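Here is the structure we will look at, set down as structure tokens.
From a predicted model like this one, the values you see are computed outputs, not experimental measurements.
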Amino acid sequence: TNGEISRGKLLEGTTVISISQFECSGVNAHLIDLTDANETQQGEIFGEYVAEHYPNAKGLILLANAITLDCNDFMICIQNTTGSIPIFGGGAGDYFAKEHTLVFCDDAMTSRGAAIAVLTGDDLEVVVHSLQGWIPFGPTMDVTKSDGNIIYEIDHKPAKQLYQHYIGKIEDEIFTDILSFPLMIERGNKSFARAPVYSETEDSLAFLADVEQGDLVRFGYGDINVIFEEVNQSVSELAQFAPEAIYLFSCGCRRIYLGDDITTELLPFEEVAPTTGFFTYGEYSNLSSETNVLNTAFVV
């Protein structure tokens with residue numbers, strides 16, 4: 001992880017074990033190793049498997065290796081065969097070393113794959129909330145050269161140089177000094193954030209989720225008032241839903257941006273139901289038609 005969440009509080013360098021007991025529902029766990037496999041093909045295969053074997057599936061918890069895996073394509077292919085079942089979770093972290101993450105299930109593990117829990121049960125109810133709180137500012141720019149999750153040029157200028165021109169010099173390899181200023185990508189009528197995490201080449205910027213050549217982007221910043229307005233609204237809606245447990249998947253960028261105030265974002269959910277989770281490399285939610293992989297977001 002990039003930090004652990006337990007009982008509405010941030011923990012660091014710990015191991016949190018959360019035991020969820022389902023009285024009348026099923027939990028079916030799978031580890032999908034994609035070391036020598038294609039995300040699209042395996043997503044289709046797993047989606048068909050879920051549709052055939054778990055007709056009463058109510059939700060899929062997805063934990064994956066965001067550094068090495070294209071989770072957006074993987075999730076889209078699962079969703080194409082499973083329909084509107086909520087898929088939610090987060091990318092495993094390594095405290096921003098960006099070198100090696102692991103997910104595991106039973107006695108197996110992988111550094112390029114996914115651990116998925118299929119939740120089933122006629123009486124089970126699952127809702128997913130996705131919070132952002134980032135506000136765009138500055139000029140609208142065009143991604144003029146990109147490949148996968150790497151941007152090489154914005155408005156025909158080297159991406160890293162453009163960031164340094166507007167935001168300031170990038171001082172460290174972890175990019176903690178610019179994580180608070182993600183790119184806001186505009187697709188359709190939605191706007192969502194992408195935070196740069198490292199350089200693939202000297203002038204490029206790599207992200208933990210998809211970016212596309214031709215995307216329109218602006219810089220973004222975290223608005224504290226908007227962040228906590230979204231938290232309050234989500235807590236209010238969840239209180240009416242009356243959950244028995246809440247899983248939290250929050251971007252490591254939010255933890256850096258909010259600093260000591262991060263607990264203020266977490267604790268309100270603990271007042272609704274017991275919480276557990278972690279700070280992630282990318283957050284997963286299939287609520288939006290524009291993208292399944294979020295960044296600098298908070299999935300509840």
Side-chain angles (χ1 to χ4, degrees), residues 1-6 11 13-79 81-82 85-95 97-121 124 126 128 208 245-250 252 274-286 292-293 299-300:
T1 77
N2 291 323
E4 301 79 54
I5 300 171
S6 179
L11 303 173
T14 65
T15 298
V16 172
I17 300 175
S18 171
I19 301 175
S20 300
Q21 178 179 352
F22 294 84
E23 294 181 359
C24 56
S25 301
V27 182
N28 306 276
H30 302 266
L31 184 73
I32 302 175
D33 191 331
L34 295 168
T35 303
D36 300 311
N38 177 278
E39 294 99 328
T40 300
Q41 181 183 32
Q42 291 303 308
E44 292 175 350
I45 292 172
F46 186 75
E48 292 169 357
Y49 178 86
V50 171
E52 179 181 353
H53 291 86
Y54 308 121
N56 62 341
K58 292 295 184 67
L60 276 66
I61 302 176
L62 171 65
L63 309 176
N65 305 112
I67 294 176
T68 57
L69 182 67
D70 186 341
C71 290
N72 195 51
D73 286 352
F74 183 64
M75 289 177 65
I76 287 173
C77 291
I78 294 175
Q79 185 176 315
T81 49
T82 57
I85 298 171
I87 306 174
F88 58 96
D94 61 358
Y95 280 94
K98 300 183 299 297
E99 295 173 351
H100 189 68
T101 65
L102 288 171
V103 294
F104 60 90
C105 176
D106 294 327
D107 59 353
M109 66 183 71
T110 180
S111 59
R112 190 181 187 279
I116 303 177
V118 184
L119 308 178
T120 63
L124 181 65
V126 177
V128 180
L208 289 174
I246 300 175
Y247 300 140
L248 304 178
F249 306 94
S250 182
T275 60
T276 188
F278 65 98
F279 289 90
T280 64
Y281 279 150
E283 304 73 55
Y284 309 139
S285 169
N286 63 335
N292 288 313
V293 180
V299 170
V300 179

Can you list everything that forms a side chain to side chain contact (heavy atoms under 4.5 Å, CB included) with [X]? Sequence neighbours excluded, please.
X	result
Gln41	Asn38, Ile45
Glu52	none
Ala117	Val27, Ile61

Would you please name every residue forming a ring-ring contact (aromatic ring centres under 6.0 Å, His included) with [X], sequence neighbours left out?
X	value
Phe46	His30
Phe278	Phe249
Phe88	none

Check whether any side-chain heavy atom of [X] sits under 4.5 Å from a side-chain heavy atom of [Y], and report yes or no.
X	Y	answer
Glu99	Asp94	yes
Tyr54	Asn28	yes
Val128	Val300	no
Thr1	Phe279	no
Asp70	Val293	no
Phe74	Asn292	no
Thr110	Leu31	yes
Ile5	Thr276	no

Nearest 0.5 Å, what's the [atom1]-[atom2] distance between [X] and [Y]?
X	Y	atom1	atom2	value
Thr40	Asp73	OG1	CG	4.5 Å
Tyr281	Leu69	OH	CG	15.0 Å
Ser285	Leu62	OG	CG	11.0 Å

Report yes or no: does [X] contribute a side-chain atom to a donor-acceptor pair with the main-chain N or O of [Y] at less than 3.5 Å?
X	Y	value
Lys58	Val126	no
Asn286	Ile85	yes
Asn2	Gly93	no

Can you name the closest pair of heavy atoms from [X] and [Y] and give their distance?
X	Y	result
Glu44	Cys77	N-CB, 3.5 Å
Val103	Ala92	CG1-CB, 4.0 Å
Gly91	Ala66	CA-CB, 4.3 Å
Ala57	Val50	CB-CG1, 4.4 Å

Using the test side chain to side chain donor-acceptor pair (under 3.5 Å), find all partners of [X] that sit at least two apart in sequence or belong to another chain.
X	answer
Thr68	none
Asn65	Thr101
Thr35	Asp33
His100	none

Kindly determine whether Ile78 and Ile87 satisfy side-chain contact (heavy atoms from CB on, under 4.5 Å), including the steps that lead there. CA-CA 9 Å; Ile78 294 175; Ile87 306 174; 4.0 Å; yes
Would Val299 and Thr280 count as a side-chain contact (heavy atoms from CB on, under 4.5 Å) here? Give the steps. CA-CA 10 Å; Val299 170; Thr280 64; over 6 Å; no
In chain order, what residues pass the salt bridge (Lys or Arg N to Asp or Glu O under 4.0 Å) check against Glu39, with sequence neighbours excluded?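 Glu39: salt bridge (Lys or Arg N to Asp or Glu O under 4.0 Å) contacts with Arg112.
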Show every donor-acceptor pair shorter than 3.5 Å between a side-chain atom in residues 13-25 and any protein atom, with sequence neighbours excluded, or say none if there are none.
residue	atom	partner	partner atom	Å
Thr14	OG1	Glu4	OE1	2.7
Ser20	OG	Tyr247	OH	2.7

